[in-house]
Amino acid sequence: MLTAANPGTWRIRGRTLSLERPVVVGVLNVTPDSFSDGGRFHAVAPAFARARQLVADGAHALDLGGESTRPGAAPVQADEEIARILPVLRAVKAELGVPVTVDTRKAAVARAVLAEGADAINDVSALADPEMAAVVADSGAGLVLMHMRGTPETMQTLIGYRDVAAEVADELEPRLARAVDAGVAPERIVVDPGIGFAKTAAQNLELIARLDVIAERLGRPVLLGPSRKAFIGALLGGVEASGRDAGTVGACVAGLARGARIFRVHEVRAAREALDVADAIFQAGAAWAR
Ligand code: HH2
């Protein structure tokens, strides 16, 4: 079982990411319409400059996305998504040396980016595309399985839960089994409760507070992606996305306390520093209790 004393690892391609310390993944959206950074890094040069900044700020990995999944977002064709991602992926792989995960729901996109050296696929639909598991299995890459219901267009109508943490675990479990059956080794897989995907603000808070349920049930490391999401804006009196970074840090530290080990954030430095300090305190507490 994964515990504070045994936080686990994440194998992606040839490397093993240690989760001894919290791992911070910097978000890089090469989209015209992402909810917090849409349009800013759409062209290759600004996207690459942003990637360099995220790494300088301490990102352990980057998550590159070519399709917005914000509530109500319209889908993008696979060839358009590939055309957005590939030039940035190539530049980052050639020059920055950090692992790159690619945020996509499409097996065709995954196949194209894995051929260019992407280290993991971050699938917010947790294998909705029936070919996704086999594509990832063949590549030896890592896999993020995130919980959502429906699609970004419909998800905010699918928010009926009796016990949100238990049901997220119930609904992720068969996806994890499907990935393993297709040949993705369990040590390559991490799970994500999908903050803001088919959840209300109150459900997001409860999920973060009860992440241990998901970690224990699924036995895989938990990735948390609260960055700049609407529930933070709502808690802070309606502040817009660009003003939610301190709130994001708070959500990450709370998630760390409940067992998350990997954090997907837009603003890396503050999250990384806060997580490193909080983790050292929690480890000291665990050592004292032993
Ligand atoms: N959230 C977003 C996108 N991808 N992947 C994982 N694993 N977990 C998340 O919580 C998650 C994710 C949405 O945020 P963002 O990328 O900033 O916005 P958009 O989808 O509008 O591009």
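Atoms within each ligand, like the ligands themselves, are counted from 1 in listed order.
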Subject >> Asp103 to ligand 1, any heavy atom closer than 4.0 Å >> reply: yes
Original post:
N/O of Phe197 under 3.5 Å from N/O of ligand 1, yes or no?
Top reply: no
Original post:
Got the closest protein heavy atom to atom 8 (N) of ligand 1, with its distance?
Top reply: Asp192 OD2, 2.6 Å
Original post:
Can you tell which of Val265, Leu96, Leu62 makes a side chain to side chain contact (heavy atoms under 4.5 Å, CB included) with Leu54?
Top reply: Leu62
Subject >> Shortest non-hydrogen contact between Leu145 and Ala179, atoms and distance >> reply: CD1-CB, 4.4 Å
Subject >> His266 near ligand 1 by a heavy-atom separation under 4.0 Å >> reply: yes
**OP:** Answer yes when Arg21 and Asp279 have at least one side-chain N-carboxylate O distance shorter than 4.0 Å, and no when they do not.
**Re:** yes
**OP:** Compute the shortest N/O to N/O distance between Thr69 and ligand 1 and return yes if it is under 3.5 Å, no if not.
**Re:** yes
Original post:
Is the shortest distance from a Lys or Arg side-chain nitrogen in Glu131 or Arg111 to a carboxylate oxygen in the other one below 4.0 Å?
Top reply: yes
Original post:
For Phe48, is the NZ or CZ atom of Arg90 found under 6.0 angstrom from the centre of its six-membered ring and inside 45 degrees of the ring axis?
Top reply: no
**OP:** Look at atom 22 (O) of ligand 1 and say which protein heavy atom is nearest, naming residue and atom and giving the distance to 0.1 Å.
**Re:** Ser34 OG, 2.4 Å
Original post:
Only one of Met155, Gln156, Glu167 clears side chain to side chain contact (heavy atoms under 4.5 Å, CB included) with Arg149; which?
Top reply: Glu167
Subject >> Test: Glu67 and Lys106 ion pair at under 4.0 Å >> reply: yes
**OP:** Using a 4.0 Å heavy-atom cut-off, say whether Met146 meets ligand 1 through its side chain, its backbone, both or neither.
**Re:** side chain
Original post:
Is Arg50 paired with Glu267 through a side-chain N to carboxylate O contact shorter than 4.0 Å?
Top reply: yes
**OP:** Just need the protein heavy atom nearest to atom 21 (O) of ligand 1, so name the residue and atom and give the distance.
**Re:** Ser68 OG, 2.7 Å
Original post:
Identify the closest protein heavy atom to atom 5 (N) of ligand 1: which residue and atom is it, and at what distance?
Top reply: Asn122 ND2, 3.0 Å
Original post:
Which is closest to atom 10 (O) of ligand 1 by heavy-atom distance: Arg264, Met148, Lys229, Arg105?
Top reply: Lys229
**OP:** Go through ligand 1 atom by atom and flag the ones less than 4.0 Å from a non-hydrogen atom of Val144.
**Re:** 7 (N)
**OP:** Report yes if some N/O of Glu67 lies less than 3.5 Å from some N/O of ligand 1; otherwise report no.
**Re:** no
**OP:** Would you name the heavy atoms of Asp119 and Pro99 that are closest together and state the gap between them?
**Re:** OD2-CA, 3.3 Å
Original post:
Counting from 1, what ligand 1 atoms have a heavy atom of Val124 closer than 4.0 Å?
Top reply: 4 (N), 5 (N), 12 (C)
